[in-house]
Amino acid sequence: QLQLVESGGGLVQPGGSLRLSCAASGFTLDYYSIGWFRQAPGKEREGVSCQSVSVGDTYHSNSVKGRFTISRDSAKNTVYLQMNDLKPEDTGVYYCAADSFTATVQTMCVPGAFLSWGQGTQVIVSS
């Protein structure tokens, strides 16, 4: 059974850093496009960072570009989201997702493109 489990969320002050992890089981992440999405209260879920099967094809939304980095560790079958210089507007529930599509993530980093989802981890950026 394909499963994704996020961890690493929490409360952090503005300007701080967090690293989110997403452990996969039941499938090998190397063969899947991966993504991190977030949903703030009262807002729609949005794509933050995505990476296709080709790790050189990586997308970051304009709001996080230069601050967030998506990566994967094949040996641990885990995806990470390193978040630096966090801002209050980064607050939300963060979800990881995976799908077997091979198209570029430049246009596919949207919730509807991903089939498998984790349960989410809460990130709160506040002083």
Side-chain angles (χ1 to χ4, degrees):
Q1 182 179 356
L2 192 153
Q3 189 174 16
L4 297 167
V5 179
E6 302 98 332
S7 61
L11 173 64
V12 63
Q13 292 187 341
S17 297
L18 280 176
R19 188 177 78 158
L20 305 183
S21 300
C22 174
S25 59
F27 70 108
T28 302
L29 275 175
D30 281 353
Y31 305 117
Y32 284 75
S33 295
I34 56 175
W36 284 96
F37 298 79
R38 69 185 178 195
Q39 190 164 17
K43 295 188 176 181
E44 293 185 354
R45 193 171 299 187
E46 62 172 345
V48 174
S49 300
C50 294
Q51 187 178 72
S52 76
V53 174
S54 171
V55 296
D57 180 21
T58 299
Y59 166 89
H60 295 286
S61 67
N62 287 335
S63 62
V64 307
K65 198 171 294 183
R67 301 188 296 123
F68 291 12
T69 302
I70 187 172
S71 63
R72 62 177 91 196
D73 185 328
S74 299
K76 296 182 178 180
N77 210 29
T78 298
V79 179
Y80 301 100
L81 184 68
Q82 178 67 44
M83 305 186 296
N84 298 327
D85 190 24
L86 282 160
K87 303 176 180 181
E89 53 263 40
D90 294 318
T91 294
V93 179
Y94 282 70
Y95 301 88
C96 70
D99 197 271
S100 59
F101 71 78
T102 57
T104 174
V105 292
Q106 303 305 316
T107 56
M108 295 290 281
C109 195
V110 294
F114 288 80
L115 182 63
S116 300
W117 291 82
Q119 82 290 349
T121 185
Q122 178 77 54
V123 172
I124 300 173
V125 184
S126 176
S127 55

Would you say Asp90 and Arg38 make side-chain contact, with heavy atoms under 4.5 Å?
yes

Which value, rounded to the nearest 0.5 Å, describes the distance between Leu81 atom CG and Arg72 atom CZ?
13.5 Å

Closest approach of Ser127 and Pro14, non-hydrogen atoms and distance?
N-CD, 3.7 Å

Establish whether Leu29 and Tyr31 are linked, either directly or via other cluster members, by ILVMFWY side-chain heavy-atom contacts under 4.5 Å.
yes

Pairwise distance CD1(Ile34) to CD1(Ile70) - rounded to 0.5 angstrom
4.0 Å

Got a second to check how far Met108's CE is from Gln106's CD, nearest 0.5 Å?
12.0 Å

Enter the distance from Ser25:OG to Gln1:CD here, rounded to the nearest 0.5 Å.
8.0 Å

Val123: which residues meet the side chain to side chain contact (heavy atoms under 4.5 Å, CB included) condition with it, sequence neighbours left out?
Leu18, Leu20, Met83, Tyr94, Val125

With a 4.5 Å cut-off on side-chain heavy-atom distances among I, L, V, M, F, W and Y, is there a chain of contacts connecting Trp36 to Phe68?
yes

Does atom CD of Glu44 have more than 12 heavy-atom neighbours, drawn from other residues, nucleotides or ligands, at distances under 6.0 Å?
no

For Ser52, all residues meeting side-chain hydrogen bond (donor to acceptor under 3.5 Å, both in side chains), sequence neighbours excluded
Asp57

Residues two or more places apart in sequence or in another chain: which of them pass side chain to side chain contact (heavy atoms under 4.5 Å, CB included) with Leu11?
Ile124, Ser126

Inter- and intrachain pairs under ring-ring contact (aromatic ring centres under 6.0 Å, His included), touching residues 101-124, at least two apart:
Phe37-Phe114, Phe37-Trp117, Phe101-Phe114

Mind checking whether Tyr59 and Val79 sit in one hydrophobic cluster, side chains of I, L, V, M, F, W, Y counted as touching below 4.5 Å?
no

Which residues pass the side-chain hydrogen bond (donor to acceptor under 3.5 Å, both in side chains) test with Arg19, sequence neighbours left out?
none

Hey, does Ser49 have a side-chain heavy atom less than 4.5 Å from the side chain of Val64?
yes

Nearest heavy-atom pair of Tyr32 and Ser100: which atoms, and what distance?
CD2-N, 3.6 Å

For Ala24 and Leu4, work out which heavy atoms get closest and say how close.
CB-CD2, 3.8 Å

What's the shortest heavy-atom distance between Gly35 and Cys50, and which atoms?
CA-SG, 3.7 Å

Hey, what do you get for CD (Glu6) to SG (Cys96), rounding to the nearest 0.5 Å?
4.0 Å

Listing request: all side chain to side chain donor-acceptor pair (under 3.5 Å) pairs with a residue in residues 74-86, at least two apart in sequence or in separate chains.
Ser17-Asn84, Asp30-Ser74, Gln82-Asn84

Heavy-atom check, side chain of Glu46 versus side chain of Gln39, under 4.5 Å:
no

Can you tell me how far NE2 of His60 sits from CZ of Arg67, rounded to the nearest 0.5 angstrom?
11.5 Å

Tell me the closest heavy-atom pair linking Leu2 and Phe27, and the distance in Å.
CG-CD2, 3.0 Å

